[in-house]
Amino acid sequence: MSVPKGKKVDVVTLGCSKNLVDSEFLIRQFKANGIEVAHDSEAPDGEVAIINTCGFIADAKEESIDTILEFTEAKKRGDIKQLYVMGCLSERYPGQLKKELPEVDKFYGKFDWKDIVSQIGATYRRDLMNERSLTTPNHYAYLKISEGCNRTCSYCAIPIITGKHVSRPMDALLDEAKRLRDSGVKELQVIAQDLSFYGYDLYKDYKLAELTEKLAGIDGIEWIRLHYAYPAGFPLDVLKVMHDNPKVCNYLDIALQHISDPMLEIMRRGVRKSQTYRLMEEMRKQVPDIHLRTTFITGHPGETEQDFAEMEQFVKDVRFERLGVFPYSHEDDTYAHKKYKDDVPDEVKQERADRIMEIQNGIAKELNAEKVGKTLKVIVDREEGDYFVGRTEYDSPEVDQEVLMHKEDNKVLTIGDFYDVEITDSEDYDLFGIAK
């Protein structure tokens, strides 16, 4: 089916920011062909709808399936004419999905989405293959520096879906960053499944520090934030770049998942408890103002109350500024699914996750209270009700807390601009302030 110029395609993105980048590349191709595109529209009404799915854990798969079902109903009503599904879920379960969802016109994997362009009668523009149409606010963008993962964590389906780690060449990333800068982007969220491994496959050396430093050298980019590092083999030279360069946010997203040695071994994390404690100490020593975001998994097969107690103590000891918890999901074809019995009851998984978050809530409240009276640099993301809403360098969009600036107390603020903001009050997960 071809889509005449002037017609419309609806693109829906589910899952992580890495998926969002893929959607943005696709949208750019459509727009270059004169096709109108709506992203995450509440009322899709295009000729074609494309759903970019997530297939990471059970909840994400369920959301993807539910969304596909909603769109098959829209197709039956005649609201849309064609429905395509792409991304991680269809990469992982192509045969099963085709059988169970015949209403979908075609399924595409994570890496063959380019064929969608020709499927709807447009021409894939190779000269635009590194260009994107942003779906984020104009002042920030995600920069995906690699695909895939070489780790063999027991619980994780990502390597099954995406394959081995493949770094993008540094020159291409710098060119993309400059194009983003030229379009108005001031803040880069540097993302990958495993930042720590960046560059080794291309340059036989870990290059995250060099890449970060070069990105910071681009005029007009004011903030650079690092997401999804891995503790084993973490490149410590990144910390010096973070300390020395004010453009590199004092922020690191590093998924630790557990702390007890028995669980780290069962989970095949390649790191031990003592090493993890030392790494956290080194990060706080080299970058005293660093704000650490991490995630934990509760209820992985084999987790005992003693293992969990060590996790509780670790959270209390390190006092992470940002933290999330996921009850374990027994994922098809993973090492854990093949080798271990899912032996922790679901209610215990959730109860342990709730206990960690209860501890974290208290820590977050205390750390936020310490910011009251300080003046912090804030970027304004949007207006919402009676407030201008922004973030500090310690906060990533969508996942972290925000700074709320009441319109009655503040001058008119410009979306995408930076301001010095005096923090006047705090809650568990939000700050309040007045721009100077």
Side-chain angles (χ1 to χ4, degrees), residues 16-17 20 40 59 135-142 186-189 191 222-228 246 248-255 284 287-296 315-316 318-326 353-436:
C16 67
S17 52
L20 186 68
D40 286 349
D59 287 349
T135 60
T136 55
N138 290 337
H139 55 277
Y140 73 81
Y142 296 96
K186 302 175 184 178
E187 176 184 6
L188 292 176
Q189 320 292 340
I191 58 171
E222 295 196 41
W223 275 357
I224 296 163
R225 192 186 316 279
L226 303 178
H227 281 279
Y228 321 126
V248 182
C249 296
N250 289 339
Y251 178 105
L252 182 67
D253 191 335
I254 180 167
R284 299 242 188 248
V287 188
D289 193 35
I290 196 170
H291 282 48
L292 296 171
R293 162 168 278 281
T294 196
T295 54
F296 291 100
V315 171
K316 293 174 183 176
V318 178
R319 293 173 63 82
F320 294 95
E321 287 78 10
R322 315 283 181 254
L323 185 149
V325 186
F326 296 93
D354 293 342
R355 281 162 61 183
I356 291 294
M357 287 313 302
E358 185 177 355
I359 295 169
Q360 181 61 24
N361 289 349
I363 293 170
K365 185 175 183 178
E366 292 171 5
L367 294 177
N368 266 358
E370 293 174 3
K371 289 182 168 60
V372 175
K374 294 183 177 180
T375 297
L376 303 176
K377 186 178 180 179
V378 170
I379 192 167
V380 179
D381 281 336
R382 66 187 186 279
E383 293 184 47
E384 189 172 299
D386 295 330
Y387 292 93
F388 295 104
V389 182
R391 291 172 292 107
T392 70
E393 68 173 291
Y394 313 120
D395 301 296
S396 189
E398 304 295 334
V399 297
D400 291 326
Q401 67 181 20
E402 296 173 315
V403 181
L404 306 178
M405 296 157 283
H406 202 285
K407 292 178 179 178
E408 288 185 358
D409 301 324
N410 287 274
K411 59 186 177 181
V412 176
L413 305 182
T414 302
I415 307 301
D417 280 0
F418 291 91
Y419 296 88
D420 290 327
V421 175
E422 180 183 357
I423 305 303
T424 57
D425 199 2
S426 67
E427 293 179 350
D428 293 11
Y429 294 107
D430 278 315
L431 299 173
F432 298 84
I434 300 175
K436 293 186 173 181

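The residues of the chain are indexed from 1 along the displayed sequence. From a predicted model like this one, the values you see are computed outputs, not experimental measurements.
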Does the side-chain contact (heavy atoms from CB on, under 4.5 Å) test come out yes or no for Arg284 and Leu292, once each step is laid out?
CA-CA 9 Å; Arg284 299 242 188 248; Leu292 296 171; 3.9 Å; yes
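- Heavy atoms only, all atoms of each residue included: Asn250 and Glu393 are closest at N-OE1, 2.8 Å.
- Within the 4.5 Å cutoff, the side chain of Leu20 has heavy atoms near those of the Thr136 side chain.
- A side chain to side chain contact (heavy atoms under 4.5 Å, CB included) with Asp400 holds for exactly one of Arg225, Arg293, Arg391, His291; it is Arg293.
- Using a 4.5 Å heavy-atom cutoff, the side chains of Val421 and Leu376 are not in contact.
- Taking all atoms of both residues into account, the shortest heavy-atom contact from Tyr387 to Lys407 is O-CE, 3.8 Å.
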Output, in order, the C-alpha distance, side-chain angles, deciding distance and verdict of side-chain contact (heavy atoms from CB on, under 4.5 Å) for Leu404 and Val389.
CA-CA 5 Å; Leu404 306 178; Val389 182; 3.8 Å; yes
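- A 4.5 Å side-chain heavy-atom check between Trp223 and Lys377 finds at least one atom pair inside the cut-off.
- Looking only at distances, no side-chain donor or acceptor of Lys186 sits under 3.5 Å from a matching main-chain atom of Asn138.
- For the atom pair CD1 of Ile363 and CG of Asn368, the computed distance is 12.5 Å after rounding to the nearest 0.5 Å.
- Contact between Ile434 and Asp409 at its shortest, heavy atoms only, is CG2-O, 3.4 Å.
- A salt bridge does not link Glu321 to Lys371: none of the charged nitrogens lies less than 4.0 Å from a carboxylate oxygen.
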I would like to know whether Val315 and Ile356 meet side-chain contact (heavy atoms from CB on, under 4.5 Å); could you show each step before the answer?
CA-CA 8 Å; Val315 171; Ile356 291 294; 4.2 Å; yes
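- The CG atom of Leu226 lies 11.0 Å from the CD1 atom of Ile254; values are rounded to the nearest 0.5 Å.
- Going from atom CZ of Phe432 over to atom CD1 of Ile423 covers 10.5 Å, rounded to the nearest 0.5 Å.
- No side-chain donor-acceptor contact under 3.5 Å links Tyr251 and Asp395.
- To the nearest 0.5 Å, atom CG of residue Leu252 and atom CD1 of residue Ile290 are 5.0 Å apart.
- When every heavy atom of Thr294 is checked against every heavy atom of Phe296, the shortest pair comes out as CG2-CE1, 3.5 Å.
- Ser426 places no side-chain N or O within 3.5 Å of a backbone atom of Leu431 that could act as its donor or acceptor partner.
- Taking every heavy atom of both residues into account, Ala353 and Val325 meet most closely at CB-CG1, 3.6 Å.
- Rounding to the nearest 0.5 Å places CD of Glu187 at 6.0 Å from CZ of Phe418.
- Lys365 NZ: 12 or fewer foreign heavy atoms inside a 6.0 Å radius.
- The CD1 atom of Ile191 sits 7.5 Å away from atom OH of Tyr142, with the distance rounded to the nearest 0.5 Å.
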Pair His139-Asp381, side-chain hydrogen bond (donor to acceptor under 3.5 Å, both in side chains): steps then yes or no
CA-CA 8 Å; His139 55 277; Asp381 281 336; 2.7 Å; yes
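- Asp430 contributes no side-chain N or O that, together with a main-chain N or O of Gln401, makes up a donor-acceptor pair within less than 3.5 Å.
- Within a 6.0 Å sphere centred on OH of Tyr429, other residues, nucleotides and ligands contribute more than 12 heavy atoms.
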Decide yes or no on side-chain contact (heavy atoms from CB on, under 4.5 Å) for Glu398 and Gln189, but give the supporting numbers first.
CA-CA 12 Å; Glu398 304 295 334; Gln189 320 292 340; over 6 Å; no
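- Closest approach of Val412 to Tyr419, counting heavy atoms only: O-OH, 4.4 Å.
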